[in-house]
Amino acid sequence: MPLNESSNTGAHSNIDELYKKHRIAMEGEVRSILSGKSHVPAGAFEDFVEDIEKKLMITFDAFVSKDSHSLASDSIKISQRSKRPAHAGTPRPLMFPSVDLEYARLAEEHSDRNITIEVNEGESKNLRIALSDFHAPLVSKINIIVHKGASLKLFELFISDSGKPSINLSLNRLTAEEDSTVEINVLHNEGASTNSLHFSESNLARNSRVKLNTALIGSKSSIVRNLFFIEGEGAYFEMNSSMLASKEQKFDVLNNSLNSGKESTYFGDVRAVLSESSAAFLKDMSGISPHADDVKAYIKERAMIIGERARVSMLPDMSINENNVKATHSAASAPIDTEGIFYLMSRGLTQHSAESMVLEGFLSDSVSRIDEAVAKSIILAHIYEKIRKGSFGSTVERNIEGMWLLPQKSQFDMFSGGMKAYGDAEESGGAQGGKTGLTYSQNNDDTKVVL
């Protein structure tokens with residue numbers, strides 16, 4: 001998989017050209033895979049669903065593949081591919097690299113499933129859906145509508161079963177109407193032969209509150225593009241993203257927000273762990289429109305590098321067109337904390353156990369912000385499994401092992417030498433109780449480590 005990368009040599013380089021240089025190039029491979037044929041044995045899909053639900057100890061409200069699906073909720077509607085022009089429905093190109101629009105056109109051309117999730121005014125729903133390239137590449141479009149005063153908690157699981165080159169591609173669109181509350185938790189755990197592409201657009205009305213929590217741990221190569229239009233007065237959007245890359249995995253992620261509503265807030269926190277020969281491109285762009293008074297916008301990117309071959313490019317940026325705002329951005333990367341590892345080993349842990357504990361604490365900081373308990377436990381179980389064993393793409397049993405590792409209030413920050421990303425937790429909308437992470441505390445001769 002070719003990687004195109006170069007450094008930003010000019011202070012005023014064109015952002016589109018810059019993003020195009022810091023990206024994964026896989027257009028030809030996507031086209032080739034989507035043009036392939038497939039055959040699904042009778043009963044295989046039902047057996048696959050039963051196995052996944054048994055391991056995770058849940059029942060999905062919708063389980064979708066290219067040729068089959070199961071459905072157990074009136075709030076979800078699934079239809080086959082709709083014949084629409086190739087240009088229809090492509091995301092608004094807010095500072096997107098122009099080459100990304102080609103993926104959106106491919107998605108429209110090859111769309112297999114249209115999924116509509118709708119929560120009526122005043123209702124409250126907790127839904128779970130799974131999308132899999134089961135025996136065939138899957139291209140899905142998900143339209144989420146949360147009406148005035150309604151509440152939705154949604155868990156999206158992206159998985160695969162194929163040992164041959166495949167695609168799991170989705171186009172998501174969220175409409176959060178006035179006074180609505182939405183939490184979307186996403187786990188990408190595709191296999192090592194699957195390429196993952198995920199495009200989303202969120203539109204927030206007045207006083208709506210949306211939280212998007214994503215964990216990206218699977219797939220051979222992943223491209224994620226998120227657009228957040230925070231248009232309503234007093235609207236609030238929080239995005240927490242955890243990435244864990246090993247072997248030769250490659251992640252290419254762009255989060256792009258625009259605050260145009262007065263007194264609106266955007267809070268973005270991206271955390272990545274990269275080991276072996278993995279690579280990640282992390283791009284976060286926040287814009288504040290003219291006349292958007294009293295807006296708060298915060299971007300933070302953090303990466304932990306394990307080994308000499310892993311690499312990361314971080315490109316946080318802001319475009320601010322109003323004076324009466326609070327806005328900060330920062331990015332920092334560092335190797336794993338050797339002093340912390342040495343201390344843990346001095347308390348009896350092996351090096352692998354000590355490193356695993358530090359990595360789990362680093363990523364758990366983000367996962368701890370998930371409110372929905374089932375989604376949190378499933379995401380944690382898969383993160384911990386990958387950290388400890390290095391494998392990915394398989395579904396592991398959900399359990400509460402490691403839940404005690406969820407971080408408490410921090411007194412230590414391995415990135416403390418860099419510029420702080422934002423002010424008080426109350427301002428940023430971050431985790432309750434202040435910053436979180438690895439905590440060192442000492443009381444006389446009783447020294448302990450708390451995660």
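Every heavy atom of this structure was used, including side-chain atoms; hydrogens, water molecules and symmetry mates were not. Numbering of residues begins at 1 and proceeds along the displayed sequence.
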Checking Asp51 against Asp47 for the side chain to side chain contact (heavy atoms under 4.5 Å, CB included) test, could you report, in this order, the C-alpha distance in whole Å, the side-chain angles of both residues, the deciding distance, and whether it holds? CA-CA 6 Å; Asp51 179 63; Asp47 292 341; over 6 Å; no
Could you please spell out the steps behind the side chain to side chain contact (heavy atoms under 4.5 Å, CB included) verdict for Ile52 and Phe60? CA-CA 10 Å; Ile52 299 298; Phe60 284 96; 4.1 Å; yes
Would you sort out whether Leu157 and Leu131 count as a side chain to side chain contact (heavy atoms under 4.5 Å, CB included), showing the intermediate values? CA-CA 6 Å; Leu157 173 64; Leu131 301 102; over 6 Å; no
For a side-chain hydrogen bond (donor to acceptor under 3.5 Å, both in side chains) check, start with the C-alpha distance between Ser366 and Ser242, then their side-chain angles and the critical distance, and finish with the verdict. CA-CA 7 Å; Ser366 179; Ser242 302; 3.2 Å; yes
Taking it one step at a time, do Lys283 and Met314 satisfy side chain to side chain contact (heavy atoms under 4.5 Å, CB included)? CA-CA 6 Å; Lys283 294 159 283 190; Met314 294 187 287; over 6 Å; no
Salt bridge (Lys or Arg N to Asp or Glu O under 4.0 Å) between Glu183 and Arg209, intermediate numbers included: CA-CA 8 Å; Glu183 177 180 288; Arg209 297 183 63 86; over 6 Å; no
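In this structure, Phe237 has its ring center closer than 6.0 angstrom to the ring center of Phe228. Taking the six-membered ring for Trp, Phe45 and Phe48 have ring centres at least 6.0 Å apart.
Geometrically, Arg128 does not engage Phe155 in a cation-pi contact defined by less than 6.0 Å to the ring centre and at most 45° from the axis.
Contact check for Ser319 versus Met285: side-chain heavy atoms found under the 4.5 Å cut-off. The shortest side-chain heavy-atom distance between Ile129 and Val64 does not fall under the 4.5 Å cut-off. Within the 4.5 Å cutoff, the side chain of Asn172 has no heavy atoms near those of the Glu201 side chain. In this structure, the side chains of Val253 and Met243 come closer than 4.5 Å at one or more pairs of heavy atoms. Between Lys296 and Phe267, every side-chain heavy-atom pair lies at or beyond the 4.5 Å cut-off. Side-chain contact between Asn114 and Ile78 is absent, with no heavy atoms from C-beta onward closer than 4.5 Å. Under the 4.5 Å side-chain criterion, counting only non-hydrogen atoms from C-beta, His69 is not in contact with Phe63. Here the side chains of Leu106 and Val30 are in contact, with some heavy-atom distance below 4.5 Å.
Of all heavy-atom pairs between Lys164 and Ser193, the closest is O-CB, 3.5 Å. Nearest approach of Pro137 to Asp112, heavy atoms of both residues: O-OD2, 3.6 Å. Contact between Ser286 and Tyr266 at its shortest, heavy atoms only, is OG-CD2, 4.2 Å. Scanning both residues, Ser394 and Asn189, for their nearest heavy atoms gives O-ND2, 3.0 Å. Glu301 and Leu315 make their closest contact through OE1-N, 3.6 Å (heavy atoms, listed as atom of the first residue, atom of the second, distance). Here the shortest heavy-atom pairing between Ile288 and Ala297 reads CD1-CB, 4.1 Å.
Side-chain contact of Asp133 with Thr194: a donor-acceptor pair under 3.5 Å is present, judged by distance alone. In the model, Ser65 has no side-chain atom that pairs as donor or acceptor with a side-chain atom of Arg113 under 3.5 Å. With 3.5 Å as the limit, one finds a donor-acceptor pair spanning the side chains of Ser277 and Arg309. Inspection of the Ser278 and Ser246 side chains reveals no N or O donor paired with an N or O acceptor under 3.5 Å. For the residue pair Arg225 and His198, no side-chain donor N or O sits within less than 3.5 Å of a side-chain acceptor on the partner. In the model, Arg173 has no side-chain atom that pairs as donor or acceptor with a side-chain atom of Asn143 under 3.5 Å. Side-chain polar atoms of Ser364 and Tyr384 form a donor-acceptor pair below 3.5 angstrom. Asn259 and Ser264 are linked by a side-chain donor-acceptor pair at a separation below 3.5 angstrom, with hydrogens and angles left out of the test. Side-chain N/O atoms of Glu156 and Asn185 include no donor and acceptor closer than 3.5 Å. Looking at Ser241 and Thr214, their side chains do bring a donor and an acceptor atom within 3.5 Å of each other. For the 3.5 Å distance criterion, the side chains of Ser356 and Ser353 fail to qualify, holding no donor opposite an acceptor.
Heavy-atom neighbours of Lys54 NZ from other residues, nucleotides or ligands within 6.0 Å: at or below the threshold of 12. Atom CD of Glu123 has more than 12 heavy atoms from other residues, nucleotides or ligands within 6.0 Å.
With rounding to the nearest 0.5 angstrom, the CG atom of Leu34 is 5.0 Å from the NE2 atom of His110. To the nearest 0.5 angstrom, Leu254 atom CG is 8.0 Å from Asp252 atom CG. Expressed to the nearest 0.5 Å, how far CG of Asn255 lies from CG of Asp284 amounts to 4.5 Å. A distance of 8.0 Å separates CD1 of Ile144 from OG of Ser202, quoted to the nearest 0.5 Å. Note that OG of Ser377 and NE2 of His382 are 10.0 Å apart. Values are rounded to the nearest 0.5 Å. Distance check: Leu363 CG to Asn240 CG gives 12.0 Å after rounding to the nearest 0.5 Å.
A donor-acceptor pair under 3.5 Å is absent between the side-chain atoms of Glu385 and the main chain of Leu380, judged by distance alone. Within the 3.5 Å criterion, the main-chain N or O of Gly307 finds no donor-acceptor partner in the side chain of Ser275. Between the side chain of Ser160 and the main chain of Gly191, a donor-acceptor pair closer than 3.5 Å is present. Panel note: side chain His188, backbone Ala215; no donor-acceptor pair is recorded below 3.5 Å.
By the 4.0 Å N-to-carboxylate-O rule, Lys55 lies too far from Glu397 to be salt-bridged with it. For Glu190 and Lys220, the salt-bridge test fails: no basic side-chain N is under 4.0 Å from an acidic carboxylate O. Contact check on Asp371 versus Lys211 returns a salt bridge, with a Lys/Arg side-chain nitrogen under 4.0 Å from an Asp/Glu carboxylate oxygen. Using a cutoff of 4.0 Å between basic side-chain nitrogens and carboxylate oxygens, Arg271 and Asp269 are scored as salt-bridged.
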